[in-house]
Each structure stands twice: as C-alpha cells, then as structure tokens.
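Since this is a predicted model, take the numbers as computed values, not measurements. In what follows, chains carry the letters A, B, and so on, assigned in the order in which the sequence lines appear, proteins first and then strands, with residues in each chain numbered from 1.
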2 protein chains.
Amino acid sequence: MTWTDAGTEPVGRVQRKRDKRIRQILTTAAELVGERGYEAVSLEDVAERLDVTKGSLYYYFPGKDELITAAIETLGDDWSSRLERLPAGQEGTPGQRLRALVREHVAIAVREYPAALRLFLVPSTWPDAQRTRIKELRRRHDRVFRAVLEEGLAAGDFAVLSADATLQCMHASMSQAPEWCGALRGRARERALDELTDTLMKLVAPG
Amino acid sequence: MTWTDAGTEPVGRVQRKRDKRIRQILTTAAELVGERGYEAVSLEDVAERLDVTKGSLYYYFPGKDELITAAIETLGDDWSSRLERLPAGQEGTPGQRLRALVREHVAIAVREYPAALRLFLVPSTWPDAQRTRIKELRRRHDRVFRAVLEEGLAAGDFAVLSADATLQCMHASMSQAPEWCGALRGRARERALDELTDTLMKLVAPG
DNA sequence: GCAAAGTTTGACTTCGTAGTCAATACTTCA
DNA sequence: TGAAGTATTGACTACGAAGTCAAACTTTGC
C-alpha cells in the first residue's frame, strides 16, 4: 500500500497530524468491521462514528477495500509485534512461557482488540484482498506460539500428537475468547481467562 | 416460522413436492451463506445456483431474512438431531464415547456442512434474527457434549479445570476444522481429523 | 494578514440488491 | 382435454451504499 507513504522526507507537523487522523480512521473502521463484518459496515457508518462525512474518508483512502485492508494491516501489525516482543523478555521454563503467552494473548484480545479478533476466525468469508492479509497475520501469530511450543517439545517439557493440530486448537480457542468473556468484567473476566489458559495448557501436557 | 407449515392436513404429492423444493432452496442458501456470509449473498446468487430466478424464491419465502433463518433452522435441526442420536447408541467408557462424538462431529462438519459450520463461529456478526437461532443451535450441540463430559467426570475418567472452558475450546476447535482440513482429501483428511480428535481428548485427560 | 496548502462538506451519480406483481407456463386430476 | 391449482418469469420500483467533485472551510507558514 502506497497512498499513505510519504516517501522519505522529514516528517513535519502536518504529516504527523495526517498520520494521526489516518490512525483514528483505521481504528474506528477496524472496530466497526470487527463488530459487524465487512459487508455490513458502510463508510457512512465509519464516518458517523468519527463525526465527519463519508467524503472525508475518500480524501485519505481510494476506497472501502483499501481502507479496510489498511485497517487490518495496521492493527494487525501492532498486535503481532507486541506478541513477538513478549517471549523474548521472558524467563522460566517453556511451560511458564507458553502459559504467559497464551494468557497475555487472550487478555490483549479481550481488552483491546475484542472486535478485531473476529478477523481471524473465518478467513474464507472475507473478500480476497482482506483474506490474504488475515492469513498472513495469522501465520505471524502462529510463528510466535510455535517457537515456544517447539522449545518445550525439545526440552521434553511438552508432549503433543501433532504440533499443527495443537496450535490450531489453541488458536481457535483464543480467537473465541472475546465471544465468551467479552460480556464479563473485572474479576469474573480474569477468572474466565485464567481457566481458558489453564485448559489450553493441558493440550501440551506430557504423559 | 409458519409460512412453511401446512397445518395438519394429509400430505399429498403436491405438498411433498413443495417441501422438497423448499429443502433445495434452504440447502443452497445455507451453502452460499456459509461460504460468503449473510450480507455478501444475494437472493439472485441463491436463485442462480438453483437455476431459477429470484422471484421464485419469494413465492416460498416472504424475504431474505426469513429464508436464511429457515435455512439455519432446518439444517441446524438435522445436524443437531443427528448429533443427539449418536451417544445414545454408543457403548464403552465415557472416554471412548466422547472421542467418537468429537470424531463424528468434525467428520460430519467437514464432509457435509463445511460451510454451514461457519455459522457458529461469530454469532455477534450476524443480524439479530439469525444470531438468536445460531446461539440456540450452539447451545443444543453443547448439551450433547456436556452430557458425556459430565458422565466422564462423575466416573473419574476425566479431569477438567472448568467444564465451560473445556467445552468452549472443543467447540471452537471443531468449528475451525473445515477451515484447516477442508482442502485435504482422502486419507490425509482422515489423519488430520484423527489428530484433531486426539488432541482435543487431552483437554479432558485426568492427572 | 494573507496566500497556499490541507481538509471537510454535501449534493450528486451510479450501481447492486431487496422486494413486488401481472403475465405466463407447467401440473394435476376430474 | 380443459379448468383449477401451482410454480416461474421478467420487468418493475425503492432504497441504500459506493464513489465523485467543486465549493467552502481550516490551518500553516511567510
């Protein structure tokens, strides 16, 4: 995507303001699309939530497709890199690290990307452009989990029948988290996420 | 829904033919909606796949909403009752029965309702009318699994931290099955489904 | 303060899809 | 065979959402 790139010139106040506006738009769009799905969201809906009119969005993006694709990309990028940074700084056994990773992943999902998570669930129902991005994004998340999983397997701390199947189950379950816990608040939610995490850890339990 | 009910009169050839046509329509609609999602499917798409024109669908259904709702209901009913019949006829330990249930569920899903399964994944993105049905449907499936799970827990064959979390993980993972294995054929697919089943059985493993 | 650049607006066109309906074709059965 | 009942068609309207754009408004830098 190139219509948001400003090239390599120094970034001045104007550009920063523009970037900020673009981020607002992308965040709002991702929110809405996560809530209702691609087709059910109109640019008028997005504009309304931003207190502007539709035409304004076309000033920043050539069309709906590009806007939504950019939203998936940007938010997905944030989320992925956050996830990728996690295991690096962690200490302890692979078991402790995997647990922390799962726990943090669902926490982020439920707290900050409740809607966006739905992006991952059914790639095949998305239009082509978005489907591709979503699959990439998913692969990237998978990689983080797979690394820790394989470490644990090598160390003999984990045992699985199939790394693929295990990761698929984890991924599917984590993606559903906002759907179950989204309505809960406070301690109830934390407890639900703890239970989910511990339940998923059984998937890699040895013996 | 009452526009398909014929009351209690004896069902003649004409009525049977009508019912058959309605089933064709519902099956086709469910297929398409499963593939692309509610909003992305037009009644013209459905009509085209049936080699008729849109107007014909309005002869049987008052509108898109009712058609899709009926499709979810009918196919969901078939599937649910099939699932409900399974554990009754089974022998063996709860472990064997749960495994059979999971295995059969994913097999049915991937083989016969590959698209329809997506219905379950993200209820919140559906229009109200459908969302309600989908949640009901899901509750019904849950009940079947929960019964066997609780039996196993009572017998001491299973151990879980939280029955809810366990069922959620199973459900989420099974729902995703068509997304992973849909492309596989023959033995490769069977093997993938076996791995998935065995992986999920770890969720209830004691110890 | 003012000109240029950046941003927003609202009225506009275009297009696809839901839904309607009178006319037509097909089925059934007396 | 033909009349009544059943199913299908295709042309129609209504409407909402995508996308366009000249004009108006706001911000920035001199």
Stepwise side chain to side chain donor-acceptor pair (under 3.5 Å) check, B:Gln24 with B:Arg21
CA-CA 5 Å; B:Gln24 286 177 340; B:Arg21 194 96 187 93; 2.3 Å; yes
In whole angstroms, how far is the [atom2] atom of [N] from the [atom1] atom of [X]?
{"X": "A:Leu57", "N": "D:dA17", "atom1": "CG", "atom2": "P", "value": "14 Å"}
{"X": "B:Ile22", "N": "D:dT6", "atom1": "CD1", "atom2": "P", "value": "13 Å"}
{"X": "B:Leu43", "N": "D:dT8", "atom1": "CG", "atom2": "P", "value": "15 Å"}
{"X": "A:Leu50", "N": "C:dT7", "atom1": "CG", "atom2": "C1'", "value": "14 Å"}
{"X": "B:Glu44", "N": "D:dC12", "atom1": "CD", "atom2": "P", "value": "15 Å"}
{"X": "B:Asp65", "N": "C:dT17", "atom1": "CG", "atom2": "C1'", "value": "14 Å"}
{"X": "A:Asp45", "N": "D:dA17", "atom1": "CG", "atom2": "P", "value": "7 Å"}
{"X": "B:Gln15", "N": "D:dG5", "atom1": "CD", "atom2": "C1'", "value": "13 Å"}

What verdict does the side chain to side chain donor-acceptor pair (under 3.5 Å) test give for A:Asp45 and A:Ser42, after you've listed the backbone C-alpha separation in whole Å, the side-chain angles of each residue and the deciding distance to 0.1 Å?
CA-CA 5 Å; A:Asp45 295 334; A:Ser42 75; 3.3 Å; yes
Partners meeting side chain to side chain contact (heavy atoms under 4.5 Å, CB included) with A:Leu167 (sequence neighbours left out)
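Testing A:Leu167 for side chain to side chain contact (heavy atoms under 4.5 Å, CB included), a comparison that skips the adjacent residues, returns A:Phe145, A:Arg146, A:Leu149.
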Taking the axis from the first five pairs and the axis from the last five, what angle separates them in the helix from C:dG1-D:dC30 to C:dA30-D:dT1, rounded to 10 degrees?
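The end-segment axes of the helix from C:dG1-D:dC30 to C:dA30-D:dT1 are tilted 10° relative to each other.
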Pairing of [X] and [Y] as salt bridge, 4.0 angstrom limit:
{"X": "A:Arg82", "Y": "A:Glu112", "result": "yes"}
{"X": "A:Glu48", "Y": "A:Lys54", "result": "no"}
{"X": "B:Asp78", "Y": "B:Arg23", "result": "yes"}

Within 45° of the six-membered ring axis of A:Tyr58 and under 6.0 Å from that ring's centre, is NZ or CZ of A:Lys64 located there?
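No cation-pi geometry.
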So for A:Lys64 and D:dG19, does any side-chain atom that can act as donor or acceptor lie under 3.5 Å from a complementary atom in the base?
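Answer no: no donor N or O sits under 3.5 Å from an acceptor.
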Taking atom types as they are modelled, would you say the side chain of A:Lys54 forms a donor-acceptor pair with the base of D:dA17 within the 3.5 Å cutoff?
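Counting by modelled atom types and ignoring angles, no donor-acceptor contact under 3.5 Å is found here.
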Which is true for B:Val46 with a 4.0 Å heavy-atom rule: it touches a base, it touches only sugar-phosphate, or it touches nothing?
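Contact class for B:Val46: none.
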According to a strict under-4.0 Å criterion, is [X] in side-chain N/O contact with OP1 or OP2 of [N]?
{"X": "B:Tyr59", "N": "D:dA7", "result": "yes"}
{"X": "B:Arg18", "N": "D:dA7", "result": "yes"}
{"X": "A:Arg21", "N": "C:dT7", "result": "no"}

Using modelled atom types and a 3.5 Å cut-off, is there a donor and acceptor pairing between side-chain atoms of B:Ser56 and backbone atoms of B:Val52?
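No, the answer is negative, given that no donor and acceptor are paired below the 3.5 Å cut-off.
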Please assess B:His105 against B:Trp79 for the test ring pair (Phe, Tyr, Trp, His ring centres under 6.0 Å), listing each intermediate value before the final yes or no.
CA-CA 9 Å; B:His105 190 242; B:Trp79 192 7; 5.4 Å; yes
Can you give one letter per nucleotide of nucleotides 21-30 of chain D, 5' to 3': B if a protein heavy atom sits under 4.0 Å from the base, S if only from the sugar-phosphate, - if neither?
------SSS-
